[in-house]
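In the text below, chain A, chain B and the rest are named by the order of the sequence lines, each starting its count at 1.
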Amino acid sequence: MRYSEMFLPTGREVPSDAELISHQLMIRAGMIRKLTGGIYSYLPFGYRAIRKVEQIVREEMDRAGAQEVFLPMVQPAELWQESGRWVHYGKELLRFHDRHEREYCLGPTHEEVITDLVRHEIKTYRQLPRNLYQIQTKFRDEIRPRFGVMRCREFGMKDAYSFDADETGAEISYRKMFEAYKRIFTRCGLQFRPVDADSGSIGGSYSHEFMVMADSGEDAIAFCSICQYAANLEKAEVVKPAKTEVTASPYPVEEIHTPGVKTIEEVCAFLRVKPEEVVKTLVFAADGFPVAILIRGDQEVNEIKVKNYLGCDALELAPDDLILDATGSPRGFAGAIGIKARIIADNSLMGMTDCVMGANRMDYHLCHVSPGRDFPVSAYADLRIIREGDPCPRCGEEIHFARGIEVGHVFKLGTKYSKTMKAIYLDRNGREQTMVMGCYGIGIGRTVAAAIEQNHDAAGIVWPLPIAPYQVIITPVNVNEKSLSETAEDIYQTLAIKGVDVILDDRDERAGVKFKDADLIGIPYRITVGPKKLAEGKVEIKSRRSAEVETLPVAEVEAYIMTRIREGI
RNA sequence: CGGGGCGUAGCGCAGCCCGGUAGCGCGCCUGCUUUGGGAGCAGGAUGCCGCAGGUUCAAAUCCUGCCGCCCCGACCA
């Protein structure tokens, strides 16, 4: 492509509303423009990056035995009502109706549609397993879109769905996708890590997220530096404390006047105790019913673990009136003794004795409380957020934290959708069986943004070659000098015929301007055609990443570039 | 939805307190010079000052309402 004819509006100014470097660079490099909140247009340069990623995704999905389909984005309410998600998906599901007042939604994901398709077409075990995928625009009415293309409402996603006859098959399908994902992100030049994850509203038995490591990432990851264990913070298991024989406090429970003392910090300051000696009692509303979660004062409750443990649909910190109902006191003085709620304790309570807790009475706390002796605990469970330095649940070494961008997510769905939507087949014995499903997503735009987040410098983007919108840019230093522009043109033709994605910067601009633009848009190789070197029949090839410059005879340029492209570097 | 901030030329911003000719830098157009890391000189174009009301002789500026955007939080694949 000739630069002079390209629709590639680059900018020097940093847009004021872009926070992330990737977002700023995508705007400055003329890749995206915002249409409205959380909705972006991709310009040619940005769309080429998208297509490069999509192509890699297609190749690896096909290689793993999946087949591409294209499903509707507008979906009827009935399907979602059938799966139950019309009610449970919440406000992220954008709903609307047509002229006949029939209800529809814009697809945020396609489990319902694919399950509907498959249940009508697959009747026997002979037709299983199958894995179908698509690359589609999804719409999720995000509560707060941000970070440009990283978290927007309309976005491109590859989603695949596997259907197997049984658990064993589903496991194999899952592994295949897991391996395909590793190949995909490796080819995209990303440094990433698969982590154990919660499956959220998609549901299912377990899942892994593919995280691109980046300080700007929205997700926190707990990982072990020794073994391979890594998990989303919300999922990371906390090791049960070793069983120690605890003897109850020798003192009886004592009520102490603690006027206005509510938070753990205030309690500790007032009573001169450490947070480790205080039991924090949090009252939650689980589908409207009060549940008391007890945890050691220095720890934080992981609401997702609580939600999963209770198996409820909605979980939130209890509103004031529910707290008053359950404890008989305002917020800040809840305790386990006498509370009218189910009591569940985090494992951190094991081994605690002689502790401080709320008295369920305004302005009073209790001390010398011993769990078990003074109140019953219906269950102990892992309900807290892991902390840096905690032991790894696999090998016992120290856990560290890092941040990541979720670019892919694989779920083992089990029969969540196939059961409710009756995706059944006849087995070898002619008996009806429920298909076992998996689903597998990749955020395409997010992958591109993550790649930029991980590959840039002060001058701009540094594309990994496999996803670079263009691989080579040829820069004649002065287009008004015939020898320079003709040589540049020759090299351009040579590379273009070979199928290289190449830009000829034929603009009548000063060399400095062209160099700055080339750096900003991050083309992996820049071929500079200048008067001094050309006098010897040579040109310079500069690597954007290493900044190394090779001086080569014009005739050797093609071989040099082709080698690099073949090796993907 | 709660808290904070911002809407002025294509982009980045000043002007607003204290009402009276709408400005700066970059970009854009023309000409000349220049030509290996965002050139110099000269000339030029571009604004419902977010929208709608109100106060006033007079509103970018003061008041009210609305809309949009950004940040933090709640929430979320």
Inset, instruction - Take A:G530 and A:D17, find for each the nucleotide of RNA chain B with the closest heavy atom, and name the residue whose nucleotide sits nearer the 5' end. - result: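 Checking each residue's closest nucleotide, the 5'-ward one belongs to A:G530.
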
Inset, instruction - For A:E218 and for A:P145, locate the closest nucleotide of RNA chain B by heavy-atom distance; then report the residue assigned to the nucleotide nearer the 5' terminus. - result: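 So the residue in question is A:P145.
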
Side chain of [X]: nearest nucleotide among [options]?
| X | options | result |
| --- | --- | --- |
| A:R28 | B:G38, B:U34, B:A77 | B:G38 |
| A:E13 | B:G73, B:C69, B:C26 | B:C26 |
| A:E142 | B:A74, B:G36, B:A77 | B:A77 |
| A:T36 | B:A39, B:C71, B:C69 | B:C69 |

Checking only heavy atoms, does the side chain of [X] share a donor-acceptor pair with the base of [N] at less than 3.5 Å?
| X | N | answer |
| --- | --- | --- |
| A:E303 | B:A74 | no |
| A:K542 | B:G36 | no |
| A:N478 | B:G36 | no |
| A:R526 | B:G37 | yes |

May I ask which nucleotide in the shown strands pairs with [N], Watson-Crick or G-U wobble, both distances under 3.5 Å?
| N | answer |
| --- | --- |
| B:C48 | none |
| B:C13 | B:G23 |
| B:G36 | none |
| B:G43 | B:C29 |
| B:U56 | none |
| B:G68 | B:C6 |
| B:C18 | none |
| B:G73 | B:C1 |

Roughly how many Å apart are [M] and [N], using the [atom1] atom of each and rounding to a whole number?
| N | M | atom1 | result |
| --- | --- | --- | --- |
| B:U34 | B:A22 | C1' | 35 Å |
| B:G47 | B:C24 | P | 15 Å |
| B:G10 | B:G27 | C1' | 7 Å |
| B:C70 | B:C11 | P | 15 Å |
| B:G4 | B:U61 | P | 23 Å |
| B:U64 | B:C6 | P | 15 Å |
| B:G15 | B:C62 | P | 12 Å |
| B:G44 | B:C48 | C1' | 24 Å |

Inset, instruction - Check the pair A:D382, A:D346 against side chain to side chain contact (heavy atoms under 4.5 Å, CB included), reporting the backbone distance first and the verdict last. - result: CA-CA 5 Å; A:D382 169 18; A:D346 176 66; 4.3 Å; yes

Taking [atom1] from [X] and [atom2] from [N], how many angstroms apart are they, rounded to a whole number?
| X | N | atom1 | atom2 | result |
| --- | --- | --- | --- | --- |
| A:L520 | B:G37 | CG | P | 18 Å |
| A:Q24 | B:C11 | CD | C1' | 14 Å |
| A:R140 | B:C75 | CZ | P | 18 Å |
| A:R510 | B:G37 | CZ | P | 8 Å |
| A:I405 | B:A77 | CD1 | C1' | 14 Å |
| A:K158 | B:A77 | NZ | C1' | 14 Å |
| A:I39 | B:C69 | CD1 | P | 10 Å |
| A:K516 | B:U35 | NZ | P | 20 Å |

Atom pairs under 3.5 Å, N or O on each side, protein against nucleotides 42-52 of chain B: can you list them with distances?
none

With heavy atoms under 4.0 Å as the rule, sort [X] into base, sugar-phosphate or nothing.
| X | result |
| --- | --- |
| A:K34 | sugar-phosphate |
| A:R153 | nothing |
| A:G443 | nothing |
| A:P531 | base |
| A:E540 | base |

Legend entry - Side-chain touch A:I491/A:V472, heavy atoms, less than 4.5 angstrom: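 Side chain of A:I491 against side chain of A:V472, heavy atoms only: no contact under 4.5 Å found.
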
Inset, instruction - Would you indicate whether the side-chain heavy atoms of A:Y181 and A:E60 approach each other to under 4.5 Å? - result: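 The answer is no; the side chains never approach within 4.5 Å.
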
Legend entry - A:F210 and A:F178 aromatic centres sub-6.0 Å: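 Ring centroids of A:F210 and A:F178 are less than 6.0 Å from each other.
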
Inset, instruction - Would you tell me whether A:R85 and A:Y417 have side-chain atoms, one donor and one acceptor, within less than 3.5 Å of each other? - result: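 Their side chains do contain a donor-acceptor pair, which is all the 3.5 Å distance test asks for.
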
Legend entry - Between A:N302 and A:E234: side-chain donor-acceptor atoms closer than 3.5 Å: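 Short answer, no.
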
Inset, instruction - List in chain and number order the residues that pass ring pair (Phe, Tyr, Trp, His ring centres under 6.0 Å) with A:F192, two or more places apart in sequence or in another chain; answer none if no residue qualifies. - result: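 Once residues adjacent in sequence are excluded, the partners of A:F192 under the ring pair (Phe, Tyr, Trp, His ring centres under 6.0 Å) criterion are A:F185.
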
Legend entry - Face-on cation placement of A:R403 at A:F401 ring, 6.0 Å and 45° thresholds: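 No, cation not above the ring by the 6.0 Å, 45° rule.
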
Inset, instruction - Check whether NZ of the Lys or CZ of the Arg A:R446 lies under 6.0 Å from the centre of the six-membered ring of A:F155 and within 45 degrees of that ring's axis. - result: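 No - A:R446 does not lie over the ring of A:F155 by the 6.0 Å and 45° rule.
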
Would you please name every residue forming a salt bridge (charged side-chain N to carboxylate O under 4.0 Å, His left out) with [X], sequence neighbours left out?
| X | result |
| --- | --- |
| A:K533 | A:E540 |
| A:E265 | none |
| A:E154 | none |

Inset, instruction - Look at A:S16 and B:C13 and indicate whether a side-chain polar atom (N or O) is within less than 4.0 Å of OP1 or OP2. - result: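 Checking B:C13 against A:S16, a side-chain N or O does come within under 4.0 Å of OP1 or OP2.
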
Legend entry - Any A:R144 side-chain nitrogen or oxygen under 4.0 Å from OP1 or OP2 of B:C71: yes

Produce the list of close N/O pairs, under 3.5 Å, pairing protein atoms with atoms of nucleotides 27-33 of chain B; give distances to one decimal.
unit_1	atom_1	unit_2	atom_2	d
B:G27	OP1	A:R12	NH2	3.4

Legend entry - Geometric class of the A:F45/A:Y470 ring pair [parallel <30°, tilted 30-60°, perpendicular >60°]: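 It falls in the parallel class, under 30°.
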
